[in-house]
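The structure appears below as structure tokens.
Naming: A, B, ... by sequence-line order, numbering from 1 per chain. Source: prediction; values computed, not measured.
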Amino acid sequence: MKPMQTLTQRLANPTRFMELSRAILPWIAGGAALFIGYAMYLVFFVAPPDYQQGETVKIMYIHVPSAWLAMMGYSIVALSSFGLLVFRHPLADVSAKAAAPIGAAFTLAALITGSLWGKPMWGTYWVWDARLTSVLILLFLYLGLIALRSSLEDEALAGKLTAVLALVGVAILPIIKFSVDWWNTLHQPSTGFTSTVDPSMRTPLLLSAIGFSLLFFALHLKAMQTEILRRRVKTMRLQEVERGERLFTAQAE
Amino acid sequence: MTGFLTLLKRDLALAAREGAALGTALGFYLVVVAMLPLGLGPDLKLLSRIAPGVLWIALLLAALLSLPRMLEADHEDGSLEVMVTAPLPLELAIAAKALAHWISTGIPLTLMAPVLGLMLNLDIALTPMLVATMLVGTPAISFLGSIGAALTLKSRRGGLLLALLVLPLYIPTLIFGISAIGFASLGQDGASASLLILTAISLASIAAGPFAAAAAVRLQMS
Amino acid sequence: MFLHADNLTVERGARPVISALSFTAKAGEALLLVGPNGAGKTTLIRTLAGFIRPSSGAVALKGDSGDRDVAQCCHYVGHLTGVKANLTVTQNLAFWGAYLAEDASGRDRLASRVEDALETFGLSRLSDFPAGLLSAGQKRRLGLARLCVATRPIWLLDEPTVSLDTASTELLSRLIKTHVSGGGIVIAATHLPLGLDEPTVLRLGANPASSGPEARA
């Protein structure tokens, strides 16, 4: 190892990344299981039911972390995209590609738990609440990223174009959020959903949020490893094809 | 700037020659709006209440139809490659093409909207506001659309993918376009604020769209 | 003015198509790229035009008055003609003449230059026809006529003789000679010698390993 290499350069090396991630992945996954397990214990056996919402408030402990990870997932995609386009970081594309489906899954989880929560609260599975609508649009952006990537044969090009779209999405997300809030206040003056969280609920919520974040990182690392291995297999296959072609031409000559 | 005008003129001439594209967009707009009462029933009160929203959404869809051709035609015949080596920066070339798209699609669709408004029993007093929102809002459709057109230049499912990519980007335009009409129909003051925000969104799209689109085109030149 | 490629390596899909290639093309020189299919002729031309970013090495333009790169002062003629079927032959050419012109002086007497170019390429009689009616060879000639309506010092030609008949090929080699003798640079990927007196030939090998620095003929 050359002493001049910076930390990011060392991490940028896929082999080193594989070594490092293999070492820390079990800890992150274990931490996720521990935090989520303890949080769920608190949620189901310790935390009191809400005086207004009853037992359905327990959905919150999954819904809120999912919604938070939906946004964090997009930030990871955007940061990785920036890294790919500006610094041409070899792992950035792997990271962006791996994070998008996981973020989309948490977005979907946030929407589904939100709608299940909405049924007892609002009497209907879906309301055009500003937050729900914004999260739905975030899901559209995720789907766009995944669809654009899968539509191109050339993987390197697909990665870069998806990165451009991700950055466009980041630029426009605040405007979409602002417009949806504006639209919502125009049509629904109040949804009466701004209650503060009681301390007895705050602890399990925090633990659950940490646990699910660790779960996200574990999934992300695992997906990155899988993607790196998939690319290696592809490169090896291409080399094999080329070797076969050379042998064939050598024989022909 | 002469290069910009040269390209704009050429694209407009091409749009005029290939009149079928505009005809398709206008026809699509008409058919979608005409299908609606058939699905919702001929209740004039309901129709007049939902008319602005219907006219706006159908306009977005109709404008989307001609979006893929904005760059695809020049990509297929090699013109885009030559444009990359031209003195005019690619960003400005794409801006010229988006402007041509706006003039050849956005404006005709906007002018058709009042006629379709009559079919939906839209309050005539609201028509000027409807046209105003569309006139200042449609540039965003063309300039944000140029990003989608550039991103899907080489992809296998061009048209449908383009819709999936750009429709979410049109949400702010749609919301503020409708809200301006909503304020006007209630006789409230908010209309001009909405109209200003709509203008700001269009100006931001004009400023930023061509950069993202040019980056995407350059990536696909290799 | 000369164009210098320094230790150029270009990768396509993670494998090198061109590796460690260096060459210089001086003003008044025609450089012919030859080699079998897949040797990287198109890749090299597209790299010089700035479409592809080399994974290492660089292309530099030296001795130019302005601070331009190759892309800004080259004519790129690729496999596609850049001809619009719905515009007339004259409109097609006039558009490129105006669009590729550096400044107002480049647009002077554009109409007469377009006329001359059409005359040269034998398209005068068809000048008011929609270009869509032209045959493949005529479209190709219309695409090449771009070289005459806008002045650019470097011509990058990728298989320019495809779908040209013998007479048109001779015409093209006359144009190349004139351009070169006027101090221009021509880099062309071609199978034909183009009837040039003493072109420099750059041989690219199908096997990336063999296209090293010694490949220069």
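Residue F51(C) comes nearest to E81(B) through the heavy atom pair CZ-O, 3.3 Å, listed as atom of the first residue, atom of the second, then distance. Nearest heavy atoms, M221(B) versus R46(C): O-NH2, 2.5 Å. Heavy atoms only, all atoms of each residue included: Y99(C) and A93(B) are closest at OH-CB, 3.2 Å. Heavy atoms only, all atoms of each residue included: K84(C) and L14(B) are closest at CD-CD1, 3.4 Å. What you find for V82(B) and Y76(C) is that their closest heavy atoms are CG2-O, 4.2 Å. For the residue pair A98(C) and T6(B), the shortest heavy atom distance occurs at CB-CG2, 3.7 Å.
At a 4.5 Å heavy-atom cutoff, Q220(B) makes no contact with chain C through either its backbone or its side chain. With a 4.5 angstrom heavy-atom cutoff, R152(C) touches chain B only via side-chain atoms.
To the nearest 0.5 Å, atom CG of residue L156(C) and atom OG1 of residue T85(B) are 8.5 Å apart. Taking NZ of K139(C) as the start and CG of D77(B) as the end, the distance is 9.5 Å to the nearest 0.5 Å.
Around atom CG of L160(B), no more than 12 heavy atoms belonging to other residues, nucleotides or ligands sit under 6.0 Å away. Around the CG atom of L38(B), the shell of radius 6.0 Å holds more than 12 heavy atoms that belong to other residues, nucleotides or ligands. Summarising the local packing, CZ of F28(B) is surrounded by more than 12 heavy atoms from other residues, nucleotides or ligands at distances under 6.0 Å. More than 12 heavy-atom neighbours from other residues, nucleotides or ligands sit within 6.0 angstrom of CD on E76(B).
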side-chain contact (heavy atoms from CB on, under 4.5 Å) assessment of R10(B) paired with Q91(C): CA-CA 9 Å; R10(B) 183 196 75 151; Q91(C) 282 168 335; over 6 Å; no
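Note on R146(C), H79(C), R53(C): by heavy-atom pairs under 4.5 Å with chain B, the leading option is R146(C).
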